[in-house]
Amino acid sequence: MTKKPVIGIIPTINLNNDANDPYQDRASFVTMYSEKIKKSGGIPLGILEDASLYTSLCDGYLWPGGNKILKEYIPLIEDAVKNNKPMLGICLGAQTIATLLNVLEDQQENQAKSFKETYDLNKETKPYLKKLEDENIHLHVVTKEKETIDKARHKVNIQKNSLLHEIFGCDDLNVVSLHGMFIARTPKNVLVSAQAEDKVIEAVEYKEKGALLLGVQFHPEIEEENPLFDWLVSSTKKYLTLVNRENSIKYYKNYKIVPYESKYPKCQRDSNLEENTAIAWKKLQSFLKENGYNAEIESAYRPKELQEEIYKQIKSDEGTEYAEAYVAKPGYSEHELGLAIDVCLQKNELWLCGFEEELSPFYAFLEECCSNFGFIIRYPKGKEQITKYNYEPWHIRYVGSVEIAKEIMDKHGTLEEYLCKKY
């Protein structure tokens, strides 16, 4: 059975009482959040106290509303950024994402200040958050009755070319708003992707390449439809999409293919990559070069039409048996995701590919180091019965997380075994 994504939920309230009553110290979780995660195909997991204990368990995070930013959970935002894990911030969660990124930007301007010192210094003179006026369209109390929910609705305008616009597919929404504070300023690396008609910020996105941090001030958990929770859960599988002989390409709309120019002379049409795969590849490529290996892309992203052309050509040149052992049929190739790379090597002004004998030391080194950059050897030796492909030491696959890549490679495993937890 394929592993379901685990979504870690930060507590809504974390109470510390002055009466020294041990039964009043508690963390609280709102059932609506966990129900939405389950409906979207994920497993909700409440995160308590030491957040670092949960990073290896969680595929994504939900930071819900509440009345206090809990600094103990800030490492989860850092984990989300580092390991391409999606995070959905709701209400206070959106304010937390914006505040953290603001403080980090302010820290760069005055590196002598700690995180807390930076926050304290700025919260009075140029605050990160401000209180809304008592009479406003954003602050309402709702019950389960439709009438009170509808009273809390107001229109928000969505920025085109934003992730939020991509998820909802429209220019405006009629949302339920329940907040008394608002985001007063945003850092350079945050996109304001939605605003109310009174110009209050209603959604923010971390706009670094391939980032998966999205914060909304409104409350999607109260709606019947689940687009934001569907995005949260499906985005955890973005880099773990299983494509093999039995599993065809599944379209994930948040894949983005970016141009890459390979120096390999025969690579003319298929060197482009998914954007985070491109970033990781450049880092791996630099590391290989530092260690004496001038590696390059022999083949990467292939549109379905190109995959069909390649399959037919190899089948014609090498025969059906060879083609089926080494080449996927169109619609069933990892290359159509933009996450797979066939690597070649330049040595003494010659280009080496495939099973040429001189490549053995390079392939051994690639196998040893690729997981440090989020890649795995997709078709390892001895696992042909599982992958249904022959051994290909040149074919690496980006899985989006160094932790996951190391687990697979350390166990001499495959993506199929990781997803089913069968090593």
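With 3.5 Å as the limit, one finds a donor-acceptor pair spanning the side chains of N244 and E416. A donor and an acceptor atom, one from each side chain of E205 and Q159, are nowhere located under 3.5 Å apart. In this model, a donor atom of one side chain and an acceptor atom of the other lie less than 3.5 Å apart for N83 and D79. Remark: the H165 side chain and the D171 side chain contain an N/O donor-acceptor pair separated by less than 3.5 Å. Using modelled atom types, one finds no donor on one side chain facing an acceptor on the other under 3.5 Å when comparing Q95 with H179. Donor-acceptor pairing under 3.5 Å is recorded for the side chains of N122 and Y128. Side-chain contact, K289 with N294: no donor N or O sits under 3.5 Å from an acceptor N or O. Side-chain N/O atoms of D106 and T118 include no donor and acceptor closer than 3.5 Å.
Contact of the I408 side chain with the T414 side chain is not registered, since no non-hydrogen atoms from C-beta on lie closer than 4.5 Å. P5 is not listed as a side-chain neighbour of L240, based on a closest heavy-atom distance of 4.5 Å or more. Side-chain contact between Y73 and P11 is present, with heavy atoms from C-beta onward closer than 4.5 Å. The side-chain heavy atoms of I90 and E221, taken from C-beta on, include a pair separated by under 4.5 Å. Between L232 and Y61, the closest side-chain pair of non-hydrogen atoms is not below 4.5 Å. Considering only heavy atoms from C-beta on, S299 comes within 4.5 Å of H335 through its side chain. Proximity of I97 to V190: side-chain heavy atoms (C-beta onward) are nowhere separated by under 4.5 Å. Within the 4.5 Å cutoff, side-chain heavy atoms of L288 are placed close to those of C369.
Looking only at distances, a side-chain donor or acceptor of Q307 sits under 3.5 Å from a matching main-chain atom of A328. With Q346 contributing its side chain and L350 its backbone, the two residues share no donor-acceptor pair below 3.5 Å. Between the side chain of K130 and the backbone N or O of P127 there is no donor-acceptor pair closer than 3.5 Å. A distance-only check finds a donor-acceptor pair linking the side chain of E336 to the backbone of G331 [under 3.5 Å]. A donor-acceptor pair under 3.5 Å links the side-chain atoms of H412 to the main chain of K381, judged by distance alone. Remark: the backbone N or O of S114 is paired with a side-chain donor or acceptor of E117 at under 3.5 angstrom. Under the 3.5 Å distance criterion, the side-chain polar atoms of R397 are left unmatched by any main-chain donor or acceptor of E334. The backbone N or O of C353 sits less than 3.5 Å from a side-chain atom of E356, completing a donor-acceptor pair.
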Open item on the list: Before you tell me yes or no, could you show the steps for L76 and I10 under side-chain contact (heavy atoms from CB on, under 4.5 Å), namely the whole-Å CA-CA distance, both residues' side-chain angles and the distance that decides it to 0.1 Å?
Closed with: CA-CA 9 Å; L76 299 181; I10 286 87; 3.7 Å; yes

Task: Residues K283, N372; criterion side-chain hydrogen bond (donor to acceptor under 3.5 Å, both in side chains); working and verdict - done: CA-CA 10 Å; K283 291 178 181 177; N372 295 326; over 6 Å; no

Open item on the list: Test side-chain hydrogen bond (donor to acceptor under 3.5 Å, both in side chains) on N226 and K36; report intermediate values, then the result.
Closed with: CA-CA 7 Å; N226 285 339; K36 290 291 186 180; 2.9 Å; yes

Task: Full working for ring-ring contact (aromatic ring centres under 6.0 Å, His included) between F373 and F287 - done: CA-CA 10 Å; F373 303 88; F287 180 77; 5.5 Å; yes

TODO: Begin with the C-alpha distance, continue with both residues' side-chain angles, and end with the deciding distance and a verdict on ring-ring contact (aromatic ring centres under 6.0 Å, His included) for Y326 and Y322.
DONE: CA-CA 6 Å; Y326 288 101; Y322 180 92; 4.9 Å; yes

Open item on the list: Under the criterion side-chain contact (heavy atoms from CB on, under 4.5 Å), I'd like the reasoning laid out for E166 against N161: C-alpha separation, chi angles, the key distance, then a yes or no.
Closed with: CA-CA 7 Å; E166 199 172 283; N161 301 318; over 6 Å; no

Task: Verdict with reasoning, Y391 to Y379, per ring-ring contact (aromatic ring centres under 6.0 Å, His included) - done: CA-CA 5 Å; Y391 170 50; Y379 307 121; 9.9 Å; no

Open item on the list: Test side-chain contact (heavy atoms from CB on, under 4.5 Å) on T55 and L57; report intermediate values, then the result.
Closed with: CA-CA 5 Å; T55 55; L57 302 175; over 6 Å; no

- [ ] Could you please spell out the steps behind the side-chain contact (heavy atoms from CB on, under 4.5 Å) verdict for W281 and V343?
- [x] CA-CA 10 Å; W281 161 250; V343 182; 4.1 Å; yes

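Expressed to the nearest 0.5 Å, how far CG of L212 lies from CG of L88 amounts to 11.5 Å. From K263, atom NZ reaches atom OG of S271 across 10.5 Å, with rounding to the nearest 0.5 Å. A distance of 4.0 Å separates CD1 in I69 from OG1 in T96, rounded to the nearest 0.5 Å. The CD1 atom of I9 sits 4.0 Å away from atom CD1 of I37, with the distance rounded to the nearest 0.5 Å. For the atom pair CD of E105 and CG of L100, the computed distance is 11.5 Å after rounding to the nearest 0.5 Å. We find the SG-NZ distance between C170 and K160 to be 10.0 Å, quoted to the nearest 0.5 Å.
Of all heavy-atom pairs spanning W63 and I74, the tightest one is CH2-N, 4.1 Å. For A295 against Q285, the heavy-atom pair with the smallest separation is O-NE2, 3.0 Å. Closest approach of M409 to C370, counting heavy atoms only: CE-SG, 4.2 Å. Contact detail for T277 and L273: the closest heavy-atom pair is CG2-CD2, 4.2 Å. Minimum interatomic distance between A405 and F375 (heavy atoms only, all atoms of both residues): CB-O, 3.6 Å. Residue L352 comes nearest to K347 through the heavy atom pair CD1-CB, 4.0 Å, listed as atom of the first residue, atom of the second, then distance.
Ion pair E417/K411 not flagged as a salt bridge, since none of the NZ, NE, NH1 or NH2 atoms sits closer than 4.0 Å to an Asp/Glu carboxylate oxygen. One finds no salt bridge joining E274 and K256 here, because no Lys/Arg side-chain nitrogen approaches an Asp/Glu carboxylate oxygen to under 4.0 Å. K85 and D59 are not joined by a salt bridge, as no carboxylate oxygen comes within less than 4.0 angstrom of a charged side-chain nitrogen. Contact check on E308 versus K312 returns a salt bridge, with a Lys/Arg side-chain nitrogen under 4.0 Å from an Asp/Glu carboxylate oxygen. Residues R302 and D342 are paired through a salt bridge, judged by an N-O separation under 4.0 Å between the basic side chain and the carboxylate. Between E392 and R378, none of the side-chain N atoms (NZ, or NE/NH1/NH2) sits under 4.0 Å from a carboxylate O, so this pair counts as no salt bridge.
Within the structure, no pair that satisfies the side chain to side chain donor-acceptor pair (under 3.5 Å) test touches residues 359-368, not counting sequence neighbours.
Summarising the local packing, CD of E246 is surrounded by more than 12 heavy atoms from other residues, nucleotides or ligands at distances under 6.0 Å. For N348, the CG atom is loosely surrounded, since the number of other residues' heavy atoms within 6.0 Å does not exceed 12.
Tested against S193, the residues L164, L163, V156 include a single side chain to side chain contact (heavy atoms under 4.5 Å, CB included) partner, L164.
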